[in-house]
Amino acid sequence: MLEQVKQSLREELKKALKNSGVREDDIPEIGFEAPKHIKFGDLSTSVALGIARLLKKNPRETAEELLRNINLDKAVISKAELAGPGFINFFLSDSYLNALIRKAAEGEVFYSAGTGAGKKVNIEFVSANPVGPLNVVNARAAAVGNAIANLLNNAGFKAHKEFYVNNVGNQTNTFGRSVSLRYEELLGRKIEFPEDCYGGEYVKEIAKQLIAKEGDKYLTKTEEERIEIFKPVGLALMIEDQKKSLRAYGVEFDLWFYESELHERNELERAFNKLKEKGMVKEEEGAKWFTSTAVTDKEGKPLDDKDRVLIKSDGVPTYLLPDIAYHFGKINRGFEIIVDILGPDHHGYIGRISAAVKVGGLLQENFRVLIAQQVNLIKDGKPFKMSKRQGNFISMDELVEEVGADAAKYFFLRRSLDSHLDFDIDLAKKQTEENPVYYVQYAHARICNVIEYAKKSGVLTSDFSLVDYGLLKAPEEAELLRKVASFGDCLNHSALNFAPHLVPKYLEELAGLYHSFYAKCRVVTGDKELTAARLALCFGAKNILREGLKILGVGAPQKM
RNA sequence: GCGCCCAUAGCCCAAUUGGAUAGAGCAUCUGACUACGAAUCAGAAGGCUGCAGGUUCAACUCCUGCUGGGCGCACCA
């Protein structure tokens with residue numbers, strides 16, 4: 001809704017700029033900010049500052065001229081004024097704000113900007129190897145990926161969540177061997193457990209399940225035979241386990257894509273041929289290479305710093321070829337925007353995959369790789385190293401058990417993706433009661449309670465069309481109202497920048513404003529008109545809190 | 001050695017992508033419950049945004065060079 005206001009202001013400003021003698025080509029993209037201070041209005045633009053240089057005029061004079069030439073819809077903008085070095089500040093009219101709060105109160109979706117225009121977005125995240133339980137970084141990626149998908153959908157995109165299962169390759173053989181060894185051990189054989197095998201308890205659990213089901217009948221087989229049998233069974237159990245963890249966490253995927261399918265459908269060969277057709281394959285030292293350094297960005301800089309082996313000299317493909325095939329597949333399935341969320345140890349991988357995707361025909365700006373930075377676990381005041389091999393890592397399940405899914409997700413989503421995150425386990429446990437998620441959830445529960453009270457008192461209204469919003473004049477009311485009005489802005493900005501952490505921020509501010517309002521302005525009083533207006537504000541805030549939390553994948557309890 | 005990420009209040013983090021007086025929470029201090037939930041509110045205090053330059057009307061934000069921390073740099077995945 002606010003987006004429309006911006007658009008019409010933009011057009012007005014363009015006209016005014018032309019009027020001032022700016023050539024069409026020189027008109028810059030006109031952006032608006034929401035000023036921090038209420039005295040600077042609701043929307044602010046700094047075009048005059050930029051354009052003044054071009055016109056060789058004083059910025060304030062330029063702004064004044066623009067202000068004279070601009071036609072404002074009084075129903076939407078009550079005033080526009082010059083401020084500071086040359087800002088133009090716009091103030092939303094009461095009637096506009098009233099219409100907006102009414103929509104919010106009625107629960108109407110007024111905050112989707114629709115900028116996505118139905119574009120199909122593929123967002124791949126977590127994609128952990130199926131050789132162990134999900135860990136804390138996976139939990140971070142899961143929370144963030146899920147929230148980004150929700151944000152994109154809200155902004156009018158069609159987001160599709162995908163989990164890529166690496167069920168082929170060396171690590172799966174190691175995994176099969178680990179299971180086999182534990183199987184022998186549990187049945188009384190003496191074994192040497194090598195360091196490069198997976199030593200986690202979960203491997204024993206899988207072996208136990210195999211024994212419970214099938215007994216000791218595989219003891220007579222050779223290790224190779226056992227691995228062949230145990231590998232698929234073990235992987236399937238592991239994948240089930242990962243699915244279960246994610247379900248308990250509240251994150252569902254649209255598709256679990258198995259690498260093995262690529263092999264079965266000859267997609268590797270097809271991808272290889274496509275690269276070859278495009279002249280992006282060379283042969284050297286008996287291996288076949290992807291000349292990724294030959295792919296350049298707009299400035300002509302290579303996307304990758306080294307060429308990469310696709311097929312080794314022994315004829316076996318590297319991991320990269322299936323990955324490329326997978327990404328080509330995404331393009332073929334009609335996705336217009338592709339997003340990968342990778343772990344911190346894969347940032348070196350961005351270059352080669354970006355190069356491949358570009359060769360695959362997707363514009364570089366439509367491929368985004370986000371790195372979920374590392375999560376350092378701190379326990380007893382000391383760093384806690386994660387290692388799948390040693391098996392002494394904290395799993396996603398354990399994290400959820402200790403702090404709860406809502407709190408865990410919220411905790412991850414508060415931080416921007418690219419910040420390294422110290423996760424103090426003891427503190428997270430201790431903080432359960434002072435975690436900001438409770439602050440936001442409490443605001444929601446509190447509103448529900450007020451509404452409940454209003455209902456009991458017989459003053460609840462469901463028709464907001466008769467409400468006189470002009471009564472909401474206290475500073476606490478005005479600020480809350482404006483915050484409600486800016487929800488769409490927050491979501492849109494957050495979606496377009498893949499920055500879900502802005503949402504918790506917004507919600508905490510909204511919750512804070514509500515708490516202040518609550519403390520200062522009693523909702524249910526003898527004044528019927530005022531009660532109705534304040535109730536409308538409550539409904540608006542409540543709807544937004546619920547929607548915002550929903551986007552984050554966090555619950556909005558009515559009682560706590 | 002090369003590349004990527006990070007450095008902001010005592011602690012943990014924001015800052016609408018270059019905007020106006022850098023903001024929340026935790027911790028600390030002061031005050032507020034016989035009317036809708038005190039998991040709350042009001043207030044105080046806390047800063048040379050790691051250091052040094054540069055770009056411009058404007059820099060936490062961009063460029064260069066340092067310092068310190070993390071992670072990568074396979075014919076592994």
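So that the names make sense, note that chain A is the first sequence line, chain B the second, and so on, each numbered from 1.
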I want to verify a distance call: between [options], whose nearest atom is closest to the [X] side chain?
{"X": "A/Glu33", "options": "B/rA20, B/rC12, B/rG19", "result": "B/rG19"}
{"X": "A/Ala83", "options": "B/rU40, B/rA14, B/rA20", "result": "B/rA20"}
{"X": "A/Arg415", "options": "B/rC36, B/rC13, B/rU16", "result": "B/rC13"}
{"X": "A/Met560", "options": "B/rA39, B/rU16, B/rA42", "result": "B/rA39"}
{"X": "A/Tyr518", "options": "B/rA20, B/rA14, B/rA38", "result": "B/rA38"}

Item to check | Ring geometry between A/Tyr164 and A/Tyr326 (parallel below 30°, tilted from 30 to 60°, perpendicular above 60°) | outcome: parallel
Checklist entry - Once the angle between the rings of A/Tyr506 and A/Phe487 is folded into 0 to 90°, is it parallel (under 30°), tilted (30 to 60°) or perpendicular (over 60°)? => result tilted
Item to check | Non-neighbouring partners of A/Tyr518 that pass ring pair (Phe, Tyr, Trp, His ring centres under 6.0 Å), sequence neighbours left out | outcome: none
Any salt bridge linking [X] with [Y]? Criterion: basic side-chain nitrogen under 4.0 Å from a carboxylate oxygen.
{"X": "A/Glu508", "Y": "A/Arg414", "result": "yes"}
{"X": "A/Lys301", "Y": "A/Asp304", "result": "no"}
{"X": "A/Asp489", "Y": "A/Lys6", "result": "yes"}
{"X": "A/Asp307", "Y": "A/Lys282", "result": "yes"}

Could you check, using the six-membered ring where one of them is a Trp, whether [X] and [Y] have ring centers closer than 6.0 angstrom?
{"X": "A/His444", "Y": "A/Tyr514", "answer": "no"}
{"X": "A/Phe40", "Y": "A/Phe87", "answer": "no"}
{"X": "A/Phe125", "Y": "A/Phe163", "answer": "no"}

Checklist outcome for this item: Expected list for residues 503-514 of chain A near RNA chain B, using heavy atoms below 4.0 Å, is A/Lys505
Checklist entry - Using Watson-Crick and G-U wobble pairs whose two distances are both under 3.5 Å, how do you write the pairing of RNA chain B as dot-bracket, with | for links to another strand? => result (((((.(..((.(.....[...).)).(((((.......))))).....(((((..]....)))))).)))))....
Keeping the roles fixed (side chain from [X], backbone from [Y]), state whether a donor-acceptor pair exists under 3.5 Å.
{"X": "A/Ser419", "Y": "A/Arg415", "result": "no"}
{"X": "A/Arg522", "Y": "A/Thr531", "result": "no"}
{"X": "A/Trp289", "Y": "A/Glu284", "result": "yes"}

Next on the checklist: Work out how far the P atom of B/rA22 is from that of B/rG47, and round it to whole angstrom.
Outcome noted: 13 Å
Atom pairs under 3.5 Å, N or O on each side, protein against nucleotides 74-77 of chain B: can you list them with distances?
| from | atom 1 | to | atom 2 | distance (Å) |
| --- | --- | --- | --- | --- |
| B/rC75 | O2 | A/Ser313 | N | 2.7 |
| B/rC75 | O2 | A/Ser313 | OG | 2.8 |
| B/rC75 | N3 | A/Ser313 | OG | 3.2 |
| B/rC75 | N4 | A/Glu285 | O | 2.6 |
| B/rC75 | N4 | A/Glu285 | OE1 | 3.3 |
| B/rC76 | OP2 | A/Lys312 | NZ | 2.6 |
| B/rC76 | O2' | A/Asn170 | ND2 | 2.9 |
| B/rA77 | OP2 | A/Tyr319 | N | 2.9 |
| B/rA77 | N6 | A/Tyr319 | OH | 2.9 |

Next on the checklist: Can you say whether a donor on the side chain of A/Ser46 sits under 3.5 Å from an acceptor on the base of B/rA58, or the other way round?
Outcome noted: no
Next on the checklist: I'd like to know if A/Asp489 reaches the base of B/rU16 with its side chain such that a donor and an acceptor end up less than 3.5 angstrom apart.
Outcome noted: no
Could you tell me the separation between the [atom1] atom of [X] and the [atom2] atom of [N], rounded to a whole number of Å?
{"X": "A/Lys520", "N": "B/rC41", "atom1": "NZ", "atom2": "P", "result": "14 Å"}
{"X": "A/Tyr410", "N": "B/rG25", "atom1": "OH", "atom2": "C1'", "result": "10 Å"}
{"X": "A/His444", "N": "B/rU40", "atom1": "NE2", "atom2": "P", "result": "17 Å"}
{"X": "A/Phe40", "N": "B/rU21", "atom1": "CZ", "atom2": "C1'", "result": "8 Å"}
{"X": "A/His37", "N": "B/rA22", "atom1": "NE2", "atom2": "P", "result": "11 Å"}
{"X": "A/Leu82", "N": "B/rC57", "atom1": "CG", "atom2": "P", "result": "18 Å"}
{"X": "A/Arg414", "N": "B/rC13", "atom1": "CZ", "atom2": "P", "result": "10 Å"}
{"X": "A/Ile51", "N": "B/rG18", "atom1": "CD1", "atom2": "P", "result": "18 Å"}

Checklist entry - If each of A/Leu502 and A/Lys36 is mapped to the nucleotide of RNA chain B with the nearest heavy atom, which maps nearer the 5' terminus, i.e. the 5' end? => result A/Leu502
Show me the protein contacts with nucleotides 3-7 of chain B, counting only N or O atoms at under 3.5 Å.
| from | atom 1 | to | atom 2 | distance (Å) |
| --- | --- | --- | --- | --- |
| B/rG3 | N2 | A/His347 | NE2 | 2.5 |
| B/rC5 | O2' | A/Gln373 | NE2 | 3.2 |
| B/rC5 | O2' | A/Asp418 | O | 3.2 |
| B/rC5 | O2 | A/His420 | NE2 | 3.3 |

Checklist entry - Between A/Leu552 and A/Leu507, what is the shortest heavy-atom contact and its length? => result CD1-CD1, 3.9 Å
Checklist entry - When all nucleic acid strands are considered with a 4.0 Å heavy-atom cut-off, which category describes A/Pro59: base, sugar-phosphate, or nothing? => result nothing
Next on the checklist: Under the rule for side chain to side chain contact (heavy atoms under 4.5 Å, CB included), what residues qualify as partners of A/Ala34, not counting sequence neighbours?
Outcome noted: none
